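Below is one structure, written out as structure tokens; comments come after it.
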Protein chains: 2
Amino acid sequence: MSGQYIIGLPVEKISTPSLVLDIEAFTLNLEMMQSYLNKVKTSIRPHAKTHKTPAIAHLQLQAGTVGICCATVGEAEVMAYSGINNILVANEIIGEVAIRRVINLARQVQIIVVVDDLDNVRDLSAAARQYGATLGVLVDLDIGMGRCGVRSIEQLVQLAKAVDKAPGLFMRGVFGYEGHVQFIVDRAERTRKGREANEVLVKGAKALSAAGLNVEIVSGAGTGSYDIAAEYPGITEIEAGSYIFMDGTYQKLGLPFKQSLTVLSTVVSRPTDDTAVLDAGMKGISPERFNPAVQGWEGLVEVKKLAEEHAIANVNSGIDPRPGDKFHLIPSHCCTTVNLYDYIHVTRNGIVEAVWPIAARRA
Amino acid sequence: MSGQYIIGLPVEKISTPSLVLDIEAFTLNLEMMQSYLNKVKTSIRPHAKTHKTPAIAHLQLQAGTVGICCATVGEAEVMAYSGINNILVANEIIGEVAIRRVINLARQVQIIVVVDDLDNVRDLSAAARQYGATLGVLVDLDIGMGRCGVRSIEQLVQLAKAVDKAPGLFMRGVFGYEGHVQFIVDRAERTRKGREANEVLVKGAKALSAAGLNVEIVSGAGTGSYDIAAEYPGITEIEAGSYIFMDGTYQKLGLPFKQSLTVLSTVVSRPTDDTAVLDAGMKGISPERFNPAVQGWEGLVEVKKLAEEHAIANVNSGIDPRPGDKFHLIPSHCCTTVNLYDYIHVTRNGIVEAVWPIAARRA
């Protein structure tokens, strides 16, 4: 529920499960990332798939980002209509409906998309001409993750030349996301694998330059590789998203960012001495990867299982939470957890300060 | 997106990923369940957590159900405000806010909740008196799943007596859900375990009757145990939900119901001969249990991995899907997949016939 009437009251008064943001930790994360990037002179175009929240995108732009990144045309529409005017949709835009939507959006704000297919370049160009729009394009290079993206430098150059010649398209550079590197816990190994991927990306960028093509943007990275990529010569911008919130997965990496996002939940049953049932299940916190942690109670209250609307936790002897008691849960993955909600409850010292609409959820 | 303007057009014209319902399979499921239950003379109060869609709840009531079941107060509010006036919230209602909401709802429509805690009985009764409402109550008995619910018949009787005496509360019966039985593939084993659980539930009901308490409702079961429970003497109603949609998990059980729900997705990349990337990831289809199946292409196109907005599939040699081609995916779990969407696209022979709001999503 929206619950704007809860502003100014203690967060324990909201209905649970609910998404809660500690604004001080969040602001610290924004500032830490930006001051670091200012120092190493690399830009950030933060990924809005993490928050899907225009209020946050605007705070990121105010902090000094070059624009924002989106995962879908729907996200880009919501962000554009909320006043964000520089958006990279970091995915292939395929099919009549999606192309019509993204091209019409490009008549209103600056839009960049990525491509890995020659037919798609033709389709995008045809639509751009039909609607009189100009669409920025990055060519998508697979740098080791094995998802989308062309698989060789030769294909990259060939496709980029097609983009460069295509009316209505504006060749901007190259995109490559080292998704396979993000969660490697060992710092040395993560750095080594990250640099290997960055090397492929920069090699691609150089091949495009050598072919006389415009390469003003060389883009990649996530929160797990943000500094590895930011310090790699030739990369112009990083697309990290989760650094603003953090989660159980990124907590394992020893990053400087603070956990700002939690799911507030209520104990709804104490059926036995060593069991507590909370009201946050898979519909309120991502069931991905591993069970959520109970903030401040690690080792004492441990979630063992998620059902649809319940987390079943083991409770240590000596601890006796009562039905009605509240716990903050830390999700294993922030992005897929935010995607379950319509609102973020912004708190400062436990008092609700704002309720932000997650306007691009399922967009 | 809502996309009511797509009505009358082929489903391939909608943006993907999107939730699609085959209305003929759905109607068949409704009718099969109801005619079976009429025969064995047991009622159904279908679980609306599965669909969260008032349009579907009304069709279920028209088919002959005794009411509906909800998982949360928010779902019950949405259903009540959509004209549903007989609702069981099959979970403990704990905490000041949730209690205030459910009691106020009970002033408007007939509401039943479940309890497993004496303090909660006191709190519910106090609120019912304060607001002048009457709340129906089932006592929650654990029948082997190990989640909420009292753990013994003695506790059950003690708690039911407290409910019976509490002003504002109306003792209606006993609730016990054999969640641990639902997915047992072997039919004989599922029947054996189901009956064991049903036996505990009916024993509880008899103990309540023997103590002179009102036991008009003896409620349990899900789609996996619907007929086991429906034919067990003493059980008055079942709370199955998924039978209307089906999913990959329930398909393994040899049930008579048809798969009516799919997620329509688009091929967005063919980076290699044996790889297709689809646009339905963990934000568009549940990542629970196992990867989604590609309807009609089983064994030829196999999803190997879900990312946030992508399904990465292996493609057999001899198959050559192109970017833009559409596939219907079958989720491993229908309830948590529906929860990701705001709309269900209702189709008949591939033509969109209605777009139903999933009004109780995240409620």
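Every value quoted in this text rests on a predicted model; they were computed, and no experiment measured them. Throughout, protein chains are lettered first and strands after them, A, B, ... in sequence-line order, and every chain is numbered starting at 1. Heavy atoms only: backbone and side chains are in, while hydrogens, waters and symmetry mates are out.
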Pick from B:Glu12, B:Glu92, B:Glu308 with the largest number of heavy-atom pairs that fall under 4.5 Å of chain A: B:Glu308

Do any of residues 117-126 of chain A have a heavy atom less than 4.5 Å from a heavy atom of chain B, and if so, which, in residue order? A:Asp117

Distance flag, aromatic centroids of B:Phe183 and B:Tyr250, threshold under 6.0 Å: yes

Top of B:Thr266, B:Asp342, B:Val267, B:Asp325 for chain A proximity - count of heavy-atom pairs under 4.5 angstrom: B:Asp342

For residues A:Leu105 and A:Ala80, report the shortest heavy-atom separation together with the two atoms involved. CD1-CB, 3.7 Å

For chain A, which of B:Gly95, B:Gly324, B:Pro323 has the most heavy-atom pairs under 4.5 Å? B:Pro323

Heaviest contributor of heavy-atom pairs below 4.5 Å to chain B, chosen from A:Asp142, A:Asn91, A:Leu306, is A:Asn91

Evaluate the salt bridge (Lys or Arg N to Asp or Glu O under 4.0 Å) criterion for residues B:Arg270 and B:Asp320: first the C-alpha distance (whole Å), next the side-chain angles of each, then the deciding distance (0.1 Å), finally the verdict. CA-CA 9 Å; B:Arg270 286 298 313 281; B:Asp320 187 20; 2.9 Å; yes

Nearest heavy-atom contact between A:Pro331 and A:Cys334 is CG-CA, 4.4 Å

Whatever's closer than 4.5 Å to a heavy atom in chain A on B:Ile312 counts as side chain

Which answer fits B:Arg151, side chain, backbone, both or neither, if we ask what part of it has an atom under 4.5 Å from a heavy atom of chain A? side chain

Nearest heavy-atom approach of A:Leu138 to A:Val174 is CD2-N, 4.0 Å

Can A:Arg147 be said to sit on top of A:Tyr177's aromatic six-ring, NZ or CZ under 6.0 Å from centre and within 45° of the ring axis? no

Check step by step if side chain to side chain contact (heavy atoms under 4.5 Å, CB included) holds for A:Val352 and A:Leu9. CA-CA 6 Å; A:Val352 179; A:Leu9 298 184; 5.8 Å; no

With chain A, the option among B:Ala98, B:Cys335, B:Pro287, B:Ala71 that has the most non-hydrogen atom pairs under 4.5 Å is B:Cys335

Proximity breakdown for B:Val277 and chain A, heavy-atom pairs closer than 4.5 Å: side chain

Is it the case that the side chains of A:Ser332 and A:Glu288 hold a donor-acceptor pair, with the cut-off being a distance below 3.5 Å and no angle test? no

Checking heavy atoms, do the side chain of A:Val73, its backbone, both or neither come under 4.5 Å from chain B? neither

Between B:Thr16 and chain A, which part of the residue has a heavy atom less than 4.5 Å away: side chain, backbone, both or neither? neither

Which heavy atom of B:Ala76 sits nearest to which heavy atom of B:Ile87, and what is that distance? O-CD1, 3.6 Å

Proximity breakdown for A:Thr72 and chain B, heavy-atom pairs closer than 4.5 Å: side chain

For chain B, the option from A:Glu309, A:Glu96, A:Lys49 that forms the most heavy-atom pairs under 4.5 Å: A:Lys49

Give the intermediate values and the outcome of side-chain hydrogen bond (donor to acceptor under 3.5 Å, both in side chains) for residues B:Thr337 and B:Ser286. CA-CA 5 Å; B:Thr337 296; B:Ser286 173; 4.6 Å; no

Give a yes/no verdict on a cation-pi contact between B:Arg361 and B:Tyr343, requiring under 6.0 Å between NZ or CZ and the six-membered ring centre and an angle within 45° of the axis. no

Measure across B:Met79 and B:Cys70 and return the closest heavy-atom pair with its distance rounded to 0.1 Å. CG-SG, 4.0 Å

Just checking, is any N or O donor in the side chain of A:Arg101 or B:Ser15 under 3.5 Å from an acceptor N or O on the other one? yes

Counting only heavy atoms closer than 4.5 Å, note whether B:Lys305 contacts chain A via side chain, backbone, both or neither. neither

Proximity breakdown for B:Lys304 and chain A, heavy-atom pairs closer than 4.5 Å: neither

So which residue, B:His310, B:Met282, B:His333, B:Glu77, ends up with the most heavy-atom pairs under 4.5 Å with chain A? B:His310

